[in-house]
Amino acid sequence: MENPSSSLLSGLNPEQLAAVTWPPAPALVLAGAGSGKTRVLTTRIAWLLQSGQASIHSVLAVTFTNKAAKEMQLRLGAMLPIPVRAMWLGTFHGLCHRFLRLHYRDAGLPAAFQILDSGDQLSLIKRLLKSLNIPDESIAPRSLQGFINAQKEAGLRAGSLDAPDPHTQRLIECYAAYDALCNQEGVVDFAELMLRSYELLQANAALRSHYQNRFKHILVDEFQDTNKLQYAWLKLLAGEHAAVFAVGDDDQSIYRFRGAHVGNMAALMREFAIDEPIKLEQNYRSDGHILTAANALIAHNNGRLGKNLRTDADAGEKIRLLQAISDNEEAQFVVDEARALQREGWDLAQMAVLYRSNAQSRILEQALFRAGIPYKIYGGLRFYERQEIKHALAYLRLAVNPHDDNALLRVINFPTRGIGTRTVENLQATASAEGVSLWQAACSTGGKQAKVAAFVRLIEALQSHIGSSNLAETMLAVVHDSGLMAHYQNQKGEHQERIDNLNELINAAVAFKPLESNFEVLPENAATDPAWPILAFLSNAALESGEHQALAGEAALQLMTIHAAKGLEFNAVFLTGLEEGLFPSEYSLAERDGLEEERRLMYVAITRARKRLYISMAQQRLLHGQTHFGVVSRFVDEIPAAVLHHLSPASGSLVAQQHSSQRSNPFHSRSPAAQTPEKAQNYAGFTLGQNVRHAKFGTGVIIDAVNKGDSAKLTVNFGKNGIKVLDTAAAKLSPL
DNA sequence: TTCAGAGTGGTTTTT
DNA sequence: CCACTCTGAA
């Protein structure tokens with residue numbers, strides 16, 4: 001009989017197999033672009049569960065984006081019949097949120113605490129600065145926001161900071177005032193979700209040991225993107241015993257500007273005594289020339305952990321390089337080539353146009369629009385960030401947590417109900433004089449002001465709705481009773497989209513699956529508090545506002561920044577705007593190691609392409625209303641000339657002669673069939689997944705076995721000592 | 001209170 | 001160039 005793990009593990013290359021079946025000890029997997037990183041991560045979880053080494057209770061798996069988390073859930077669910085949603089599998093912020101909902105009391109938070117997204121955070125900061133009489137030119141709201149987030153991401157509270165200069169001193173004071181205000185209003189920003197969780201684990205020994213004992217396996221995706229706080233949180237959760245299994249690629253670290261700390265990879269190796277990372281260097285995505293270019297480019301960086309991608313694919317086509325006279329010509333080139341490829345049978349949805357900054361998209365858009373080529377731009381305004389949606393949610397937030405001043409200010413006069421700046425200022429004065437929230441001030445002065453009183457009654461009506469109806473009915477009431485829907489319906493002009501969005505929000509409330517299935521143990525307020533479904537819905541909206549739903553529909557050319565393209569792949573990629581100053585960006589050159597980060601970005605861009613890669617630049621470009629004259633980016637010079645094919649825009653047909661016949665993707669793993677775990681079979685006294693010790697190779701884990709009469713042939717992964725096949729008749733193996 | 005016109009500033013982005 | 005914020009008049 002075939003052993004149960006074989007179907008799970010079949011099709012893995014030796015490196016992947018070594019990673020998937022690594023014994024329960026800390027490991028760092030250096031996974032190059034297109035090397036099957038997600039597959040390794042999910043297969044390892046499945047293997048740990050199937051071989052009985054772990055239960056879904058003892059695994060924690062963390063990613064950065066909701067997209068990645070969903071992908072893992074999906075794949076895992078396809079491999080094993082398990083209640084995936086109850087697992088601690090999610091984003092850093094999502095898991096911390098779950099933790100804080102469970103332990104809100106210990107964390108010092110109200111049961112109805114709300115999450116601030118970055119827009120909410122910024123408006124709260126503006127309000128704070130105004131109340132402190134600090135003018136914008138003294139401290140810009142955005143810079144304070146950056147300061148606060150950076151401190152939190154480094155795990156630092158205002159009280160523990162020292163000021164090297166008077167300006168920083170002011171910033172620190174504002175930080176302290178900001179935290180106080182958030183506490184007063186019962187709101188937490190994204191970074192606070194992490195920091196509060198970390199501090200709670202650190203301060204509460206009982207809680208800490210509970211979770212440390214619970215999580216035997218901690219798996220981390222995109223580890224190179226973790227910031228210092230996230231790393232500290234992981235370390236605290238891991239305690240002395242958990243097997244931290246981190247997957248990442250230092251060459252794809254492109255988020256330093258928001259706190260990512262590549263140094264965490266070296267720190268992990270040092271602090272968890274990992275001798276050597278496991279390297280996944282076999283690339284299953286790109287043709288040879290493309291990979292050659294990527295390897296050569298990234299070799300210009302210093303301080304890499306060291307990794308070189310290889311492929312079994314053919315060299316494929318050379319990279320096509322165009323120096324256009326102008327940005328218009330560059331855009332026209334993209335249009336012509338995309339059309340030509342489409343005529344050859346390439347799928348439009350499998351082509352992408354990438355650029356360094358969003359500002360570059362406009363001219364491409366115009367050209368595509370004129371040519372009638374369908375396209376889809378990623379990275380626009382997200383659903384939950386649209387103003388009509390934020391307004392509706394603010395009514396809801398106010399209903400569950402009336403002390404949320406941010407929410408009150410957003411909707412007290414929207415739609416306009418005659419409560420102007422003057423009235424609001426009076427409320428703010430009353431509130432700060434009496435040390436109460438705006439809501440309380442509105443309630444107490446409402447008697448004198450009919451308009452304010454009407455607003456108070458509106459919110460109270462919504463509150464009573466919560467007690468008597470379900471989420472969907474409450475949402476319906478919010479959208480209509482607030483006057484929002486009527487407001488957009490009565491306005492002439494372009495408001496149909498907003499109306500559609502509000503209806504879509506009601507649909508989302510109807511379809512919302514309560515978070516209950518995300519908890520094995522429910523928070524204490526979940527069963528008793530009628531507002532719980534609303535809290536769940538609002539949290540979900542804040543944490544998952546980033547999901548750009550891939551629109552199913554007509555095939556469209558994909559336009560996005562290089563950052564947004566990370567993790568994606570396309571048959572053909574147009575990499576545009578390769579000019580000094582633009583890419584690498586002027587900004588980056590001033591920063592320490594900024595150029596290296598830009599080069600990693602270029603590396604990410606190149607490795608998105610499977611079959612065909614175009615690189616283009618414009619000698620003349622209109623930026624901020626001014627014409628810039630650019631020279632070719634140094635990154636182009638760092639690609640070996642042997643893999644480049646220069647195109648000349650004057651030569652008529654730009655499409656090179658070769659036709660690519662392999663459109664279907666010959667590689668790519670078959671997804672292993674769903675597999676029910678079978679009863680552990682006995683192999684000469686051993687079972688799959690069992691940990692064993694060998695005199696010479698140390699401790700390892702059994703990943704495969706075949707019975708052979710009285711003895712058995714065991715395949716054992718000894719971690720850094722490799723994978724060995726041992727005969728129980730000869731080898732001295734003892735159970736651990 | 002509201003709306004329209006002047007002014008300003010402008011990487012990358014997830015949660 | 002364009003999108004967003006602020007200021008002044010109706």
Side-chain angles (χ1 to χ4, degrees), chain A residues 62-69 90-97 115-123 126 135-137 140-142 146 149 152-153 188-195 197 221-222 225-227 229-230 253-260 327 354-363 366 378-382 384-385 387 413-425 451 539-548 560-567 577 581-591 594 597-598 600-602 604-605 621-628:
Chain A
V62 60
T63 65
F64 260 85
T65 64
N66 290 304
K67 197 169 141 200
T91 63
F92 278 100
H93 294 87
L95 295 178
C96 284
H97 168 251
I115 302 168
L116 297 180
D117 68 20
S118 22
D120 299 330
Q121 185 186 33
L122 189 62
S123 45
K126 284 179 181 166
D136 283 7
E137 49 273 23
R142 272 185 194 285
N149 290 339
K152 289 193 179 185
E153 277 157 13
V188 295
D189 59 51
F190 287 131
E192 184 73 22
L193 287 170
M194 288 290 326
L195 184 53
S197 301
D221 189 20
E222 304 275 16
D225 285 339
T226 52
N227 62 36
L229 178 58
Q230 285 158 340
S253 163
I254 55 175
Y255 285 113
R256 206 181 46 147
F257 69 94
R258 64 171 200 226
D327 45 1
L354 307 183
Y355 34 82
R356 175 69 236 273
S357 76
N358 280 313
Q360 290 165 251
S361 72
R362 175 152 280 107
I363 195 153
Q366 283 168 356
Y378 288 80
L381 199 56
R382 299 183 194 94
Y384 285 108
E385 284 175 357
Q387 64 148 336
N413 197 35
F414 194 97
T416 52
R417 47 175 70 86
I419 303 174
T421 1
R422 194 71 248 194
T423 317
V424 172
E425 276 169 13
K451 287 168 176 170
S539 306
N540 191 258
L543 288 169
E544 300 204 9
S545 65
E547 282 312 272
H548 6 70
M560 64 191 88
T561 63
I562 301 167
H563 284 91
K566 187 170 163 209
L582 195 63
F583 191 22
S585 90
E586 217 163 1
Y587 258 86
S588 72
L589 299 179
E591 286 168 33
E597 174 121 337
E598 293 286 302
R600 290 193 289 269
L601 200 51
M602 181 69 179
V604 168
R621 180 182 297 275
L622 199 62
L623 269 179
H624 306 320
Q626 280 189 317
T627 305
H628 290 245

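Note on naming: letters A, B, ... go to the chains in the order of the sequence lines (proteins, then strands), and numbering restarts at 1 for each one. Note that the structure is a prediction, hence the values are computed from the model and not measured.
- Applying the 6.0 Å contact sphere to CD of Glu586(A) captures no more than 12 heavy atoms from other residues, nucleotides or ligands.
- Looking at residues two or more places apart in sequence or on another chain, you find a ring-ring contact (aromatic ring centres under 6.0 Å, His included) between Phe64(A) and Phe92(A).
- Ser585(A) OG to Glu597(A) CD: the interatomic distance, rounded to the nearest 0.5 Å, is 10.0 Å.
- Within the nucleic acid shown, Thr91(A) comes within 4.0 Å of sugar-phosphate atoms alone, with no base atom in reach, counting heavy atoms only.
- The interatomic distance linking Asp225(A) (CG) with dT12(B) (P) rounds to 18 Å, in whole Å.
- Neither OP1 nor OP2 of dT11(B) sits under 4.0 Å from any side-chain N or O of Asn358(A).
- Using atom C1' as the reference point in both dT12(B) and dT5(C), the two lie 23 Å apart (nearest Å).
- Two residues are said to be in side-chain contact when any heavy atoms from C-beta on lie closer than 4.5 Å; Arg417(A) and Asn413(A) meet this criterion.
- A residue-by-residue look at His624(A) and Ser118(A) shows that His624(A) has its nearest nucleotide of DNA chain B further toward the 5' end.
- Atom NE2 in His628(A) sits about 14 Å away from atom P in dG10(B), given to the nearest Å.
- In this structure, Ala69(A) and Gly90(A) approach most closely via the heavy-atom pair CB-CA, 4.0 Å.
- Between the CD1 atom of Ile562(A) and the CD1 atom of Ile254(A) there is a distance of 8.5 Å, given to the nearest 0.5 Å.
- Between Thr561(A) and dT13(B) there is a side-chain polar atom (N or O) within less than 4.0 angstrom of OP1 or OP2.
- One atom, CZ of Phe64(A), and another, P of dT15(B), lie 10 Å apart when rounded to the nearest Å.
- At a threshold of 4.0 angstrom between heavy atoms, the contacts of Gln360(A) with the nucleic acid are absent.
- Using the six-membered ring where Trp is involved, Phe190(A) and His93(A) have ring planes that are perpendicular, over 60° apart on the 30 and 60° scheme.
- Residue contacts shown for Thr63(A) are absent, as no nucleic acid heavy atom lies under 4.0 Å away.
- Nucleic acid contact class of Gln121(A) (heavy atoms, under 4.0 Å, all strands): none.
- Separating the NE2 atom in His97(A) from the CD1 atom in Ile115(A) is a distance of 4.0 Å, to the nearest 0.5 Å.
- Between the side chain of Ser585(A) and the base of dT12(B), no donor-acceptor pair under 3.5 Å is found.
- When the C1' atom of dT15(B) is taken as reference, atom CG of Asn66(A) falls 8 Å away, rounded to whole Å.
- Atoms CG (Leu193(A)) and P (dT15(B)) sit 13 Å apart, rounded to a whole Å.
- Rounded to whole Å, the distance from CZ on Arg256(A) to C1' on dT13(B) is 15 Å.
- Here Phe257(A) packs flat against the base of dT12(B); its ring centre is closer than 5.5 angstrom to the base's six-membered ring, tilted by less than 30 degrees.
- The separation between His563(A) atom NE2 and dT12(B) atom P is 9 Å, rounded to whole Å.
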Please write out the pairs of protein N or O atoms and N or O atoms of nucleotides 2-7 of chain B separated by less than 3.5 Å, giving the distance to one decimal.
from: dT2(B); atom 1: OP1; to: Thr416(A); atom 2: OG1; distance (Å): 3.3
from: dT2(B); atom 1: OP2; to: Asn413(A); atom 2: ND2; distance (Å): 3.2

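- Distances from the side chain of Leu622(A) to the nucleotides dT12(B), dC1(C), dT11(B) place dC1(C) closest.
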Show your working on salt bridge (Lys or Arg N to Asp or Glu O under 4.0 Å) between Glu153(A) and Arg258(A) and close with a plain yes or no. CA-CA 9 Å; Glu153(A) 277 157 13; Arg258(A) 64 171 200 226; over 6 Å; no
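- Contact of Arg356(A) with dT11(B) (side chain to base): no donor-acceptor pair of N or O atoms is detected under 3.5 Å.
- Spacing between atom CG of Asp327(A) and atom P of dC1(C) amounts to 13 Å, rounded to whole angstrom units.
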Can you pull every protein N or O that's under 3.5 Å from an N or O on nucleotides 3-6 of chain C?
from: dA3(C); atom 1: OP1; to: Arg362(A); atom 2: NH2; distance (Å): 3.1

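- Considering every non-hydrogen atom in both Ser253(A) and Asp225(A), the closest pair reads CA-OD1, 4.2 Å.
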